[in-house]
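A, B, ... follow the sequence lines: proteins, then strands. Residue 1 opens every chain. Quick caveat, the model's predicted, so the values are computed rather than measured.
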Amino acid sequence: MSIDKTAVETTPKSNNFIHQIIDSDLQSDHAPVKIVTRFPPEPNGYLHIGHAKSICLNFGTAEKYQGVCHLRFDDTNPEKESQEYIDAIKRDITWLGFSWHEQIKYTSSYFEQLYLWAVYLIEQGRAYVCDLTAEQAREYRGNFTTPGKNSPYRERSIAENLALFAAMKAGEFAEGHCSLRAKIDMQSSNMNMRDPMLYRILNVAHHQTGSDWCIYPIYDFAHGQSDAIEGVTHSICTLEFEGHRPLYDWFIDNLPVPAIPRQYEFSRLELNYTVTSKRKLKQLVDLKVVFGWDDPRMPTISGMRRRGYTAAAIKNFCEMVGVTRANGVVDVAMLESAVREDLEKNAKRAMCVINPLKITISNFAEGQCELLSLPVHPKLEMGNRELPFSRHLYIEKEDFSEDTSLGRKKFKRLVIGDYVRLRGAYVIKAEQVIRDDNDQIVEVVASLVPRTVGANPAPEFKPRGVIHWVSAEHALPCELRIYGRLFTDPSPDKDKEKSFIELVNPDSLQVIKQAWAEPSLKMAAVESAYQFERTGYFVADSDSTAEKLVFNQTIALRESKGK
RNA sequence: UGGGGUAUCGCCAAGUGGUAAGGCAACGGGUUUUGAUCUCGUUUUUUCUCGUCAUUCGUAGGUUCGAAUCCUUCUACCCCAGCCA
């Protein structure tokens, strides 16, 4: 496959407010030589659609300005983190099509430097060891209307602080016994500046550093300095960190850091009918509401991947929603539209009958088989596939009606006494209905109009429409998993009375144990996308075996009114 | 409640003092061997329709020849009182 280089180069990358800032930074006298960004997930859960937006912004910005983007695991809280999450995050980012600069970074690999900087702050008289308990510290901190009070330990001598901090590091205190705090301003209207914690004691082994440490830095003390170490120029995060920016800058100003990164905030992505919070997604997994982090109903990157959403669709969606500082809720229909847009041009076409009605072609000999050749895609050149046509076929039950009064525009399918086109095959006429003892239709006898494969019939045989079908004896039984929204409420986590768990859609998964797929689907590879004509987009699931094919419905086809 | 933010169509979102882009959604028409796709319209405030005037960027004022853009007022919503990130 050849890549149109000029097209790639001229692909317009959105110009959001962050890029405008970078553009003007690049004009300034001390313009950075290279734009450096970073994507800093904490490995305490799987990445979701909200992270995808951040990934696209950070990696995309680096690409746009020919800079670099680091993947840095922000692993300062070993209690909640694990290697499993690290592996999953790497897999997801790679799948999205991004690659990080050089090797993966870990905040934990800066622990020694961070410790030295903490000592430096103590030496400068800007940090102290505080023996207040968590509860006492809360009281001393005051609240929005009441200024905080200085800790009684605030004026310890530098020597004493140095000794105490060394003892903390040496493991001489129990968890919670004391902490290291910055000496800033307990009266500040910004709560983050009221002598924030820098280090706490945690007698927990770390997934990267083992038992090397029993004190761990707090996010605020680790993040900006890690950015500085990596030479990050633009540290892009979400809006809730806005109030932390003065603190971020305070550390950069008061420490001998090697670079001056700046933090910029954008609004996080919210989608209706879904939750985008690692904590809540973890609950869905832990409570077994879903089968796992990669359940196709999950808005996780791995879930969407298994569902059949493509990386291109997700990236395009992120481009569509834009980057701003206004918080809003994006309609999932926009995501679904991006998925359909990508699948429409990339999914192979195939036929699969979900609820079979037997059709017997009276003028086609028993045992005979005609091999038809159908294009894999109606518009794009994607080759052809072979399809066996025989005397006994299956069509969709709902594609047949005995009601001859149905208008041709209203019901574009098979009606007794009328004609319909079998996709890629003959035009047939329904002639007789066969019923069982319970008066249920079990079979329809039809006749084909000769020489109508690939050719329009005479006007008197004009079909009402086109329907899908499979040859009964050649069809492959398969399982179909149809997914609905995971939540019944557009804002599942906004309800004041009900927990989002109570708003889970009980019908979010429908399993069709046996559907009938055309034989070419035998070769369906996991993750390759198909459009089952007239029914929806599907993708082979990893649960597929040689005996039983399993397909996930990625998304239904858009349906116009009147169907 | 002190501080920090944000308000442009049902939902996202351009717009940066010169006369309101685009996408999604919805609704109509056309095309179609997928009721898909494609395509053409309509939907910012009113209107059955067409013209005209006016109105219009949360609100109310102001500056200006000219304001979504600048100033002031008010309102609504979001974030901060973890030894989480």
Would you classify [X] as touching base, sugar-phosphate or nothing, given that sugar-phosphate means primed atoms plus P, OP1 and OP2, and contacts are heavy atoms under 4.0 Å?
X: A:K409; answer: base
X: A:Q531; answer: base
X: A:P378; answer: base
X: A:F241; answer: base
X: A:A556; answer: nothing
X: A:L271; answer: nothing
X: A:I218; answer: sugar-phosphate

### Summary
Between A:E341 and A:S267, whichever has its closest RNA chain B nucleotide further toward 5' is A:S267
### Task
With RNA chain B as reference, determine whether A:N190 or A:H223 sits nearer its 5' end, using the nearest nucleotide of each.
A:N190
Taking [M] as the reference, what is the distance to [N] when you measure between their [atom1] atoms (whole Å, please)?
N: B:C40; M: B:G10; atom1: P; result: 25 Å
N: B:U19; M: B:G28; atom1: P; result: 36 Å
N: B:G58; M: B:C80; atom1: C1'; result: 24 Å
N: B:G5; M: B:C9; atom1: C1'; result: 24 Å
N: B:C70; M: B:G15; atom1: P; result: 14 Å
N: B:U45; M: B:C57; atom1: P; result: 10 Å
N: B:G29; M: B:A76; atom1: P; result: 45 Å
N: B:U6; M: B:A68; atom1: C1'; result: 15 Å

### Message
Going by ring pair (Phe, Tyr, Trp, His ring centres under 6.0 Å), A:F241 matches just one of A:Y264, A:F266, A:Y219, A:Y248. Which one?
### Response
A:Y219
Does the side chain of [X] get closer than 4.0 angstrom to OP1 or OP2 of [N] through an N or O atom?
X: A:Q20; N: B:G15; answer: yes
X: A:R421; N: B:U32; answer: no
X: A:R138; N: B:G82; answer: yes
X: A:R181; N: B:C83; answer: no
X: A:R141; N: B:C83; answer: yes
X: A:R340; N: B:C24; answer: no
X: A:S560; N: B:A36; answer: yes

Where the side chain of [X] is defined as all heavy atoms beyond and including C-beta, which of [options] is the nearest nucleotide?
X: A:H244; options: B:A85, B:C11, B:C80; result: B:A85
X: A:E242; options: B:U34, B:A25, B:G5; result: B:G5
X: A:D74; options: B:A81, B:A36, B:A85; result: B:A85
X: A:V466; options: B:C84, B:A81, B:G35; result: B:G35
X: A:K379; options: B:A85, B:C38, B:U32; result: B:C38
X: A:F144; options: B:U34, B:A85, B:G2; result: B:G2

Give a yes or no on whether a salt bridge exists between [X] and [Y], defined as a side-chain N under 4.0 angstrom from a carboxylate O.
X: A:R385; Y: A:E518; answer: yes
X: A:R156; Y: A:D131; answer: yes
X: A:K494; Y: A:E270; answer: yes

Rounding to an integer number of Å, can you tell me how far [X] [atom1] sits from [N] [atom2]?
X: A:Y140; N: B:G82; atom1: OH; atom2: C1'; value: 19 Å
X: A:M197; N: B:C84; atom1: CE; atom2: P; value: 9 Å
X: A:L374; N: B:U34; atom1: CG; atom2: C1'; value: 12 Å

If you look only at distance, which donor and acceptor atoms sit under 3.5 Å apart when one is on a side chain in residues 336-344 of chain A and the other is two or more places apart or in another chain?
from: A:R340; atom 1: NE; to: A:A556; atom 2: O; distance (Å): 2.9
from: A:R340; atom 1: NH2; to: A:A556; atom 2: O; distance (Å): 3.2
from: A:D342; atom 1: OD1; to: A:N346; atom 2: ND2; distance (Å): 2.7
from: A:D342; atom 1: OD2; to: A:T310; atom 2: OG1; distance (Å): 2.4

Could you let me know what [N] is paired to, Watson-Crick or G-U wobble, both distances under 3.5 Å, or none if it's on its own?
N: B:G2; result: B:C80
N: B:U19; result: none
N: B:A14; result: none
N: B:U42; result: B:A26

### Query
Within a strict 4.5 Å, meaning less than it, do heavy atoms of the A:Y128 and A:R181 side chains meet?
yes
### Task
Kindly state each residue pair satisfying ring pair (Phe, Tyr, Trp, His ring centres under 6.0 Å) with at least one member in residues 174-194 of chain A, sequence neighbours excluded.
A:F173-A:H177
### Task
Please confirm whether any donor atom in the side chain of A:R413 sits under 3.5 Å from an acceptor in the base of B:G35, or the reverse.
yes
#### Entry: Stepwise side chain to side chain contact (heavy atoms under 4.5 Å, CB included) check, A:R268 with A:L239
CA-CA 7 Å; A:R268 66 188 319 147; A:L239 245 28; over 6 Å; no
### Query
Is there a donor-acceptor pair under 3.5 Å between the side chain of A:T238 and the backbone N or O of A:E240?
no
### Query
Can you tell me if A:H51 uses its side chain to pair, donor with acceptor, with the backbone of A:I301 under 3.5 Å?
no
## Note on the structure
Judged by whether its glycosidic angle lies within 90° of 0, B:G58 is anti
### Query
Where along residues 320-331 of chain A does a heavy atom fall under 4.0 Å from RNA chain B?
A:M320, A:V321, A:V323, A:T324, A:R325, A:A326, A:N327, A:G328, A:V329, A:V330, A:D331
